[in-house]
Number of protein chains: 2
Amino acid sequence: MKPLKRMTKQRKIILDVLQSTTCHPTADWIYEQARKELPDISLGTIYRNLQHLVQEEEIQELNYGSTFRRFDGNTGLHYHFVCRSCGQVMDVDMPVLRDLNGEAAQVVGGLVEDHRLEFYGICRSCLDKNQGIEEKKECLT
Amino acid sequence: MKPLKRMTKQRKIILDVLQSTTCHPTADWIYEQARKELPDISLGTIYRNLQHLVQEEEIQELNYGSTFRRFDGNTGLHYHFVCRSCGQVMDVDMPVLRDLNGEAAQVVGGLVEDHRLEFYGICRSCLDKNQGIEEKKECLT
DNA sequence: TTATATGCAAAATGTTTGCGTAACG
DNA sequence: CGTTACGCAAACATTTTGCATATAA
């Protein structure tokens with residue numbers, strides 16, 4: 001973990017929020033959480049810090065088929081499952097496919113640094129209450 | 001290939017643009033191309049048709065670490081490589097990992113319908129002219 | 001003490017939508 | 001002909017930015 005340039009209380013809270021949840025929150029959800037601690041924090045500060053933390057590789061950014069981003073406090077390589085019904089994003093605890101990068105490098109002929117793998121489908125809890133479209137949950141705690 | 005509800009000249013052009021390029025264009029690039037044929041086409045029409053074509057599974061939507069989407073006329077399962085320097089997205093012609101979905105299903109316990117795999121790194125042409133940051137190419141024809 | 005970060009509000013970006021008109025089948 | 005799609009422009013949601021002030025090191 002590299003040292004950050006400055007650890008403000010705002011930055012600390014944002015990092016805390018991300019590291020103390022297993023969900024994959026949006027900027028807005030992080031904002032709501034952070035405001036419980038620091039009511040005057042601004043959304044601009046949330047975005048500036050998220051950008052900063054991504055650059056410092058303290059967190060990672062996720063992007064699925066939606067208009068907004070999600071963030072993940074877990075920077076280790078791991079895979080995700082996205083439920084098409086409720087929109088929930090969960091970690092998939094399966095072994096990392098280490099030789100994939102080399103395989104791809106042979107094909108594309110460039111430098112392959114890493115990869116990202118996402119699964120799509122319907123999660124168990126949506127299957128159970130097997131109905132049409134659930135209301136989307138932004139984040140489950 | 002399911003029949004589309006109506007094949008307007010606008011929809012045809014959008015489909016043509018996507019199917020006659022191996023790049024993975026943004027809505028805006030598609031708009032520029034379509035305007036060469038049909039100068040009065042509107043961006044709203046582009047978006048409406050892209051959405052429609054995704055639903056009909058005539059094209060697929062891609063989403064990477066950026067603020068905008070890309071689209072792909074190739075609906076078969078295949079993987080992508082994203083160059084961190086020039087932003088280009090290219091196909092990775094490697095075998096599809098068919099048993100991955102089953103593996104993930106065992107872990108998450110839901111229904112896993114499909115997966116998406118993306119590689120990140122620096123492409124050959126950026127490595128060759130090995131300089132800092134290239135100007136971003138939206139799409140190469 | 002000074003560079004870095006903040007809050008606020010305004011701007012920018014990418015996408016969607018309402019409405020009256022056009023045109024596919 | 002009736003329904004579906006269009007062009008246009010305004011609305012929307014998310015993210016970024018400029019500026020004057022505050023604060024961590």
Side-chain angles (χ1 to χ4, degrees), chain A residues 2-18 24-56 58-71 87 89 135-136 138-139, chain B residues 2-18 24-56 58-72 87 89 136 138-139:
Chain A
K2 295 169 204 161
L4 296 175
K5 291 214 165 170
R6 231 181 241 195
M7 187 49 75
T8 61
K9 52 183 186 303
Q10 290 86 343
R11 184 166 297 164
K12 177 141 190 17
I13 285 172
I14 293 169
L15 202 45
D16 277 357
V17 168
L18 269 163
H24 304 78
T26 61
D28 213 66
W29 190 84
I30 297 166
Y31 178 50
E32 292 309 326
Q33 299 311 111
R35 277 219 287 193
K36 291 177 185 167
E37 295 281 305
L38 214 63
D40 282 343
I41 197 171
S42 79
L43 199 47
T45 295
I46 302 286
Y47 277 106
R48 266 188 290 237
N49 275 300
L50 288 173
Q51 190 175 292
H52 179 97
L53 291 166
V54 167
Q55 262 156 30
E56 300 293 325
E58 298 270 332
I59 65 174
Q60 62 174 309
E61 186 183 331
L62 308 177
N63 233 298
Y64 301 111
S66 52
T67 48
F68 48 83
R69 291 179 266 174
R70 290 176 176 277
F71 296 87
V89 178
E135 87 262 37
K136 308 282 176 185
E138 168 140 304
C139 205
Chain B
K2 295 169 207 164
L4 296 174
K5 293 214 167 170
R6 232 180 243 195
M7 186 51 74
T8 61
K9 51 185 189 301
Q10 290 86 345
R11 185 165 296 162
K12 176 138 191 21
I13 285 173
I14 293 169
L15 201 46
D16 277 358
V17 167
L18 269 163
H24 304 79
T26 61
D28 214 66
W29 190 85
I30 297 166
Y31 178 50
E32 292 309 326
Q33 299 311 110
R35 277 220 287 193
K36 291 177 186 168
E37 295 281 306
L38 213 64
D40 282 344
I41 197 171
S42 81
L43 198 47
T45 295
I46 302 287
Y47 277 107
R48 263 188 292 237
N49 275 298
L50 287 172
Q51 191 176 291
H52 178 96
L53 291 167
V54 167
Q55 263 156 27
E56 300 294 324
E58 297 272 331
I59 64 174
Q60 63 173 309
E61 186 182 331
L62 309 177
N63 235 297
Y64 302 112
S66 52
T67 47
F68 49 83
R69 291 181 264 171
R70 288 175 177 278
F71 296 87
D72 191 338
V89 177
K136 307 283 175 185
E138 168 140 305
C139 207

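Just so we're on the same page: letters track the sequence lines, and every chain starts at 1. Computed from heavy atoms alone, side chains included, the values below leave out hydrogens, waters and symmetry copies.
- One atom, CG of B:Asp40, and another, C1' of D:dG7, lie 8 Å apart when rounded to the nearest Å.
- For B:Thr8 and D:dC6, the shortest distance from a side-chain N or O to OP1 or OP2 is below 4.0 Å.
- Rounded to whole Å, atom C1' of D:dG7 lies 13 Å from atom CD1 of B:Ile14.
- Protein chain B touches strand DNA chain C; the 5'-most and 3'-most nucleotides with an atom under 4.0 angstrom of its non-hydrogen atoms are C:dG14 to C:dG25.
- Taken to the nearest 0.5 Å, the CZ atom of A:Phe71 stands 8.0 Å off from the CG atom of A:Leu18.
- By the side chain to side chain donor-acceptor pair (under 3.5 Å) test, B:Thr45 is found to be paired with B:Ser42, residues two or more places apart in sequence or in another chain being considered.
- In this structure a side-chain-to-backbone donor-acceptor pair under 3.5 Å is present from A:Arg70 to A:His24.
- Note: B:Thr8 OG1 to B:Ile13 CD1 = 8.5 Å, rounded to the nearest 0.5 Å.
- B:Leu50 places its CG atom 11 Å from the P atom of D:dC6, with the value rounded to the nearest Å.
- Whole-Å rounding puts the B:Leu38 CG to D:dG7 P distance at 7 Å.
- The shortest distance between side-chain heavy atoms of B:Gln51 and B:Gln55 falls below 4.5 Å.
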Protein within reach of the bases, or only the backbone? For nucleotides 15-22 of chain D, mark each nucleotide 5' to 3' as B, S or -, using heavy atoms under 4.0 Å. BBBB----
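- Residues passing the side chain to side chain contact (heavy atoms under 4.5 Å, CB included) test with A:Tyr31, sequence neighbours excluded: A:Asp28, A:Arg35, A:Ile41, A:Leu43, A:Ile46.
- Rounded to whole Å, the distance from CG on B:Leu53 to P on D:dA5 is 11 Å.
- Contact check for A:Glu37 versus A:Asp16: no side-chain heavy atoms found under the 4.5 Å cut-off.
- In this structure, NE2 of A:His52 is placed 15 Å from P of D:dA24, rounded to the nearest angstrom.
- Every salt bridge (charged side-chain N to carboxylate O under 4.0 Å, His left out) that B:Arg69 has, sequence neighbours left out, goes to B:Glu61.
- Rounded to the nearest 0.5 Å, atoms CG (A:Leu62) and CZ (A:Phe68) are 11.5 Å apart.
- The C1' atoms of five pairs define one axis at each end of the helix from C:dT1-D:dA25 to C:dG25-D:dC1, and these two axes lie 50° apart (to 10°).
- Here A:Lys9 pairs with nothing under the salt bridge (charged side-chain N to carboxylate O under 4.0 Å, His left out) rule; sequence neighbours left out.
- Tested against A:His52 for a side chain to side chain donor-acceptor pair (under 3.5 Å), the candidates A:Arg11, A:Glu58, A:Arg6 yield a single pass: A:Arg11.
- In this structure, A:Glu32 places its CD atom 12 Å from P of D:dT14, rounding to the nearest Å.
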